[in-house]
Amino acid sequence: MYADDAFREIFEDADSGESDFEEVLAGDEIDGDSDHGDVYVSESESDNEVVDPAPAPGNNGPRAGGNGQQVRPRRVQGGGDVAFRAALPRAYQHDWLMDFNQPHGQMIFAEDGVIGEDDISEYAIFSHFFDLLVTETNRYAATTIASKGGVDGLRRHSRLRKWRDVDAGEMKAFLAILLLMGMDRRPNYDAYWTTEWTIQTPGIRAILSRDRFYLILQVFHTTDNALLTQAGDPNHDHQGKIKEVMDMLVSRWQSAYYPGREIAVDETIIPFKGRSSMKVYKPNKPHKWGLNCWNIAESNTGYIWNSELYQGKTNNETEVGLYKNVVLRLSQPFNGKGHHIYMDNLFSSPELYFSLAENGIGACGTLRVNRVDTPNEIKETKTKKGDPLCAVRDGDLLFLSWFDKRQVNVVTSVHNQSTFQKDVRARGQQDPRKVDKPVAIECYTRFMGGVDRADQGMWYYLNIHKTLKWWKKVFVYLLEVSYVNSWIIWKRLHPATRLKPEKFRYAVIHGLLEGHVPPDVRPGRRSIDQPLRLTERHFLKHITAVTAAGRKSRPDCVVSSNRSVKRHQIEYACEECNLPMCPVPCFRRYHTLVDYKANCEPGYH
C-alpha cells in the first residue's frame, strides 16, 4: 500500500531565490563555505573552486600527544578544494568510534531495494507526513457551540451559526490554501478573497469561500482539550496543544528517511509575539521574539530528522545543563551508529562531547573558552594573524585555536590537527591568498549548515500571517518542514529530473485538491429567484371597466402613485399582470426593475 492510500485511510478515521533552493536540496552534497558560528568568512572572499567534499571513512592514523600536551600540526601541500580532499582522509582520528555503515537516504517507496519511480507522485510523498485531525476540529466546534448554550446562545452574527462538520476533503483543501498563501504573501487573509480586479485570486476563491476558511481556521484543532492538564498542575505540558501532532510528524520524518554520517544541531526561532510562557527573546536573531525549536538535520541536504520545542522555564528557573540535555535527547536515536554531529558554541562543551563519546557519537564545533574543562592553554591563547595553529589534546578531545580574520576556537572528538593550504580569493585581487587552514575547521564550516539549509527552504514560502494562538504558528512551521523534507526525498527518488520548488509545491497542492468539490458560489451579491414579471412577455391594455356609479374606472398606478406624495390615476393596465400602470415610463420600469417604485414628481412623465 502506497503512502497516499495509507493517508486516505488514516484521514477518514482520525482526527525564500528559487534556483538557489533547488540547488541546495538537489543532492547529497554541500557547496562551498558558509559563515556560521565562530567561523567567519569575509563577504569579499570565497573559494577559487567549489567542489563538494566526499565523506571519508573512519580510522585515520595514530593519535598525537597526550593529556594536556601540545602537538605540532601536519600540513598537506596543494591548492583549493583539491588540497582539502587530499587532507580529509588523514584528518580523521577516531579509532575509539565505530565506522558509520548505516543505510541512509529515503526509506519509503522502496520494496526489495527497487524503487518504483513511475508510481511516486509529489503528493504521495508529502501525504506520508500528514494525518489531518478532522475529528478534533469537529469536536472543538461542537464543544464551543455547546459551551455557549447551543446555536441559540450564539451572538446574532457569529460565524459558528453557520458551522457544519468538516470532512477530510475540505480539510485538505484548507491545507492547500495555507500552502498557496506562502507563495503569494499578502497583508491579511481578506486580501486573498478580494474582488478588486487588479489583484484578485480566483483560484483561492474557487477552493473555499472566505467565510468557510475563516470558520475552519477559528475552530481548527489538533488535540482534545479534555485530555490537557491545567497550567497550575505539576505535570502540566506547555506544548500539549501541539504535542500529539508534533510527535506524529517527527516519527514520520524518521521513518521516511535516514541521514548520512554528518548531522548538525541548531536552533530555529518561530516568529511569535503573542502571549506564551514558551516565548523567548533573542536580540541577535532576525526574529527577536518567538518560540525556540531545536532541530537535528542532515548536513548535506538539510533534512530535519528530529525536533524539539523549548517549553520555557520550570518554576521560573532555567534547567541546569539545558543545551547539553537538548543535544543528548535529539541525538539519542543515533547512539552507537558512528555519526559525526556538528554544533556551534551555544551547545558545544567538553562535558557534552565526553557524554556523546560514551554514546558512540563523534562531535565537532566551535567553543566558548569559559566552558568547564577547557584547557588553560586554549583559555590563555591570544593568537594573531600569522601565528601557528595552537592544538591541545585531552583524551579523545582535541582543542584548536586558529586565527585568520579573527580567533576561532574549536573542539573535536573526530579530527586531528592536520591543515591544508586553501586558496582564498579577495575582491579586487587577481591572485588568491593562500591560507593554512585546519581541516577540522573546514569540516565544521561545511557540515554545520544543515538546519540553516532547511530554514532557507522554509522561508521561501512560509505563511507568515499573525495569529494569537502560538500552537497554530508551530503547526504552520511543521507543515513547511514536512514540505521541505518531502522535497528532499523527491529529489532523492528523481536524481535525473530537474524540477523547480514551486512546481513541486503546485503538484502537492493539486494532490490535496484531488476530488475536492468547489463551493457553488459566485462573487458579488447572493443570487435570488427573478420575478416572472421580469422574464415573461407583457402587453398593455385599455381599462374598459366602469364604477358602480357608471363612470369610467381610473385606478392608481402601481408604480408612480403615492397618495401621501401625489396620486396618479391611469386608464391603462398590463394585460398579463392585470395591474394598472402608465404606458410611459411605468410599464417599462415595472417589467425591468426589481425595485420599481417611483414618485410622480414634475418631469417624471
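Remember, it's a predicted structure, so these values are computed and weren't measured experimentally. Only heavy atoms go into these numbers, but all of them, side chains included; no hydrogens, no water, no symmetry mates.
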Partners passing side chain to side chain donor-acceptor pair (under 3.5 Å) against E308 (at least two apart in sequence or in another chain)
R329

Regarding K282 and H287, do their side chains bring together a donor and an acceptor under 3.5 Å, going by distance alone?
no

Under the salt bridge (charged side-chain N to carboxylate O under 4.0 Å, His left out) test, which residues partner K243, sequence neighbours left out?
D247

Is it the case that over 12 heavy atoms from other parts of the model lie below 6.0 angstrom from the CG atom of L468?
no

Partner set under salt bridge (charged side-chain N to carboxylate O under 4.0 Å, His left out) for K273, not counting sequence neighbours:
none

How close do R212 and V166 get, counting heavy atoms only, and between which atoms?
NH2-CA, 3.8 Å

Closer than 3.5 angstrom, by distance alone: can the side chain of N359 be matched with the main-chain N or O of I361 as a donor-acceptor pair?
no

Other residues, nucleotides, ligands: >12 heavy atoms within 6.0 Å of E196 CD:
yes

Spacing of Q239 atom CD and M278 atom CE [to the nearest 0.5 Å]:
6.5 Å

Just jot down the side-chain contact (heavy atoms from CB on, under 4.5 Å) partners of D190, sequence neighbours excluded, or say none.
N188, R210, Y214

For residues Y342 and E262, report the shortest heavy-atom separation together with the two atoms involved.
CE1-CG, 3.7 Å

Examine R446 relative to F84 and say whether NZ or CZ is less than 6.0 Å from the centre of the six-membered ring and inside a 45° cone about the ring axis.
yes

May I ask you to decide if the ring planes of Y192 and Y189 are parallel, tilted or perpendicular, using 30° and 60° as cut-offs?
tilted

Any side-chain to backbone donor/acceptor pair from R261 onto F100? Under 3.5 Å, distance only.
no

Please work out which of the three classes, parallel, tilted or perpendicular, describes the rings of H221 and W471, given edges at 30° and 60°.
perpendicular

Test side chain to side chain donor-acceptor pair (under 3.5 Å) applied to W163 - qualifying residues, sequence neighbours left out:
D165

Taking side chain to side chain donor-acceptor pair (under 3.5 Å) as the definition, give me every residue that meets it alongside K279, ordered by chain and number, with sequence neighbours left out.
none

